[in-house]
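To start, the structure itself, in structure tokens.
For clarity, every value in this text was computed on a predicted model and none was experimentally measured.
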Protein chains: 2
Amino acid sequence: MTGTRGTTRIQKRNRATILEAALEVFAAHGFRGATVDQIAAAAGLSKPNLLYYFTSKEAMHAALLEGLLDTWLDPLRALDADGDPMQELLGYMHRKLEMSRDFPRESRLFANEILQGAPRILSALNDDLKPLVDDKVRIIEGWMDAGKIARVHPYHLIFSIWAHTQHYADFEVQARAVLGGEDPLDGAAQFLDHVYRRLLTP
Amino acid sequence: MTGTRGTTRIQKRNRATILEAALEVFAAHGFRGATVDQIAAAAGLSKPNLLYYFTSKEAMHAALLEGLLDTWLDPLRALDADGDPMQELLGYMHRKLEMSRDFPRESRLFANEILQGAPRILSALNDDLKPLVDDKVRIIEGWMDAGKIARVHPYHLIFSIWAHTQHYADFEVQARAVLGGEDPLDGAAQFLDHVYRRLLTP
DNA sequence: CGTGGGTTTGACCAGTTGGTCAAATTGATC
DNA sequence: GATCAATTTGACCAACTGGTCAAACCCACG
């Protein structure tokens, strides 16, 4: 496709188009539920053309997952040891909540992968996710030792934030049904702000 | 298969065996990711034999989902307006958490269905789930009005409990990776008890 | 023990799916 | 505008999938 030179303008455009379509379809139907034909239709390209840019359906899925975990963890990386503890933790929660609103398809893609046992990103969970969380937990424990925030199990605190934000993205249909059509995320920010403020106030 | 008489002993046994196998496979791979052959292998029966007891793959899935929502909501139904508010709400949370431990496959089956947009149980969410939640929310609001528990958004309080318990069941792989192999549910009960006690104490 | 319904299965089928390939078309560069 | 690589596609294939069916098998009951 490209001899020894870098990527073409066309390549760049088509790769992006394909990944956008693949995200849409994988998020809606899961890996096995998605078909290359569906992705091709969503991308407005022919099936053989997709397989000219990505060697397989697997490759498209892998390309999406590759960047995802990184993006997903960016808010946690931003947790600053030198900031105000309550502000930092609430800020982290709010950023994650914004991602639930802005990237629901990415959230579902991730959820699908974890639900199947994380076969394709288990190593990344151990190699990248765990060290990062361990690092941030140490910061949080420092804040607790200093009496800046109340003492709670720091790992479960993070799980709790993940649980909430993932739930509002992935289970939106259910929450919306219960609320009679109202957008669940409308009240979520205020509720969660209150929950964690109350939990962490010393 | 059975003329006019009731179900045979063999039927009862095989139906149960098949549903058990189907739950295992559907929970692990989702509806489209599961194959009838896989279920047959897991059940130790031949594929045509499965289709003798269930008219289609869809029918097996439907049979599983049918009872699931009911089972899933049993703990919420048990929420007693006449009980002690804090005890009732903490008890509900703990019962849900026990279900995460005891029925992780059912939890994943449910999660898969919701993730795909709840195509097969959306009507049940509106017809059964919503009225039940509405009813219990009224009870909770009564407790808040009476000053027995702190005032929080009651719907989001329920979402919060769902989010936590669903997370510990469906994202177990991730949480376990972060904890370095330790069972996430070990510390969950104590953490959540603390969270909701602190949140709801007036 | 035979008989009739309940049960099981090997062989089979049509539709779908991921992927291939040679040929055609397009685009950039001189 | 000639040339060659990059791009696109129609036709095709092998494997898989859900489902069918006639024939075989088993089991209770007389």
Side-chain angles (χ1 to χ4, degrees), chain A residues 1-65 109 112-113 116 119-120, chain B residues 1-65 112 116 119-120:
Chain A
M1 57 184 82
T2 164
T4 54
R5 287 327 146 71
T7 52
T8 313
R9 178 176 41 89
I10 296 180
Q11 273 179 45
K12 212 164 190 171
R13 172 172 53 82
N14 282 352
R15 278 181 192 276
T17 304
I18 292 168
L19 286 182
E20 160 67 24
L23 174 60
E24 187 74 25
V25 177
F26 282 137
H29 305 290
F31 179 75
R32 298 239 3 215
T35 73
V36 179
D37 281 297
Q38 279 178 307
I39 300 173
L45 298 171
S46 69
K47 181 170 67 166
N49 206 3
L50 294 215
L51 294 165
Y52 170 72
Y53 288 102
F54 293 89
T55 58
S56 66
K57 178 186 173 185
E58 274 273 346
M60 301 177 208
H61 193 251
L64 284 173
L65 281 183
L109 182 73
N112 261 307
E113 173 66 10
Q116 315 304 322
R120 304 155 215 271
Chain B
M1 59 184 80
T2 163
T4 53
R5 287 324 146 72
T7 52
T8 313
R9 179 177 42 89
I10 296 181
Q11 273 179 43
K12 211 163 191 173
R13 171 172 54 84
N14 282 351
R15 278 181 193 276
T17 304
I18 293 169
L19 286 181
E20 160 67 24
L23 173 60
E24 188 74 24
V25 177
F26 281 137
H29 304 290
F31 179 74
R32 297 232 11 208
T35 71
V36 179
D37 281 298
Q38 279 178 307
I39 301 174
L45 299 172
S46 70
K47 181 170 66 165
N49 205 3
L50 294 214
L51 295 164
Y52 170 72
Y53 288 102
F54 292 89
T55 59
S56 67
K57 180 186 171 185
E58 274 274 345
M60 300 176 208
H61 194 251
L64 284 174
L65 281 183
N112 262 308
Q116 315 303 322
R120 304 157 215 271

| remark: Of E58(B) and I10(B), the one whose nearest nucleotide on DNA chain D sits closer to the 5' end is E58(B)
Whole angstrom is fine here: how far is it from [atom1] in [X] over to [atom2] in [N]?
X      : N       : atom1 : atom2 : result
L45(B) : dT7(C)  : CG    : P     : 12 Å
R13(A) : dA6(D)  : CZ    : C1'   : 13 Å
M60(B) : dG19(D) : CE    : C1'   : 10 Å
D37(B) : dG18(D) : CG    : P     : 7 Å
F26(A) : dT17(C) : CZ    : P     : 13 Å
Q11(B) : dG6(C)  : CD    : P     : 9 Å
R9(B)  : dG6(C)  : CZ    : P     : 15 Å
F54(B) : dT7(C)  : CZ    : P     : 13 Å

Would you mind telling me which of [options] lies closest to the side-chain atoms of [X]?
X      : options                  : answer
L51(A) : dT17(D), dG19(C), dT8(C) : dG19(C)
Y52(B) : dT9(C), dG6(C), dG18(C)  : dG6(C)
T8(A)  : dT20(D), dT7(D), dT9(C)  : dT7(D)
N49(B) : dG18(C), dT17(D), dT9(C) : dT9(C)
P48(B) : dT17(C), dT20(D), dT8(C) : dT20(D)
Y53(B) : dT7(D), dT8(C), dG18(D)  : dT8(C)

| message | At 4.0 Å (heavy atoms only), tell me whether A40(B) reaches a base, stays on the sugar-phosphate, or touches nothing. | response | nothing
| task | Quick one: label A59(A) by what it contacts on the DNA or RNA (base, sugar-phosphate, nothing), any heavy atom closer than 4.0 Å. | result | nothing
| task | Test for a donor-acceptor pair under 3.5 Å between the base of dG19(C) and the side chain of K47(A), counting only N and O atoms. | result | yes
Taking atom [atom1] of [X] and atom [atom2] of [Y], what is their separation to the nearest 0.5 Å?
X       : Y       : atom1 : atom2 : value
L64(B)  : F54(B)  : CG    : CZ    : 7.5 Å
N112(B) : N112(A) : CG    : CG    : 6.5 Å
L45(A)  : I39(A)  : CG    : CD1   : 11.5 Å

| Does some side-chain heavy atom of M60(A) sit less than 4.5 Å from a side-chain heavy atom of F31(A)? | no
| message | For a 4.5 angstrom cut-off between non-hydrogen side-chain atoms, does L19(A) reach F26(A)? | response | no
| Hey, is the side chain of N14(B) poking within less than 4.0 Å of OP1 or OP2 on dT8(C), counting only N and O atoms? |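 The answer is yes; a side-chain N or O of N14(B) sits under 4.0 Å from OP1 or OP2.
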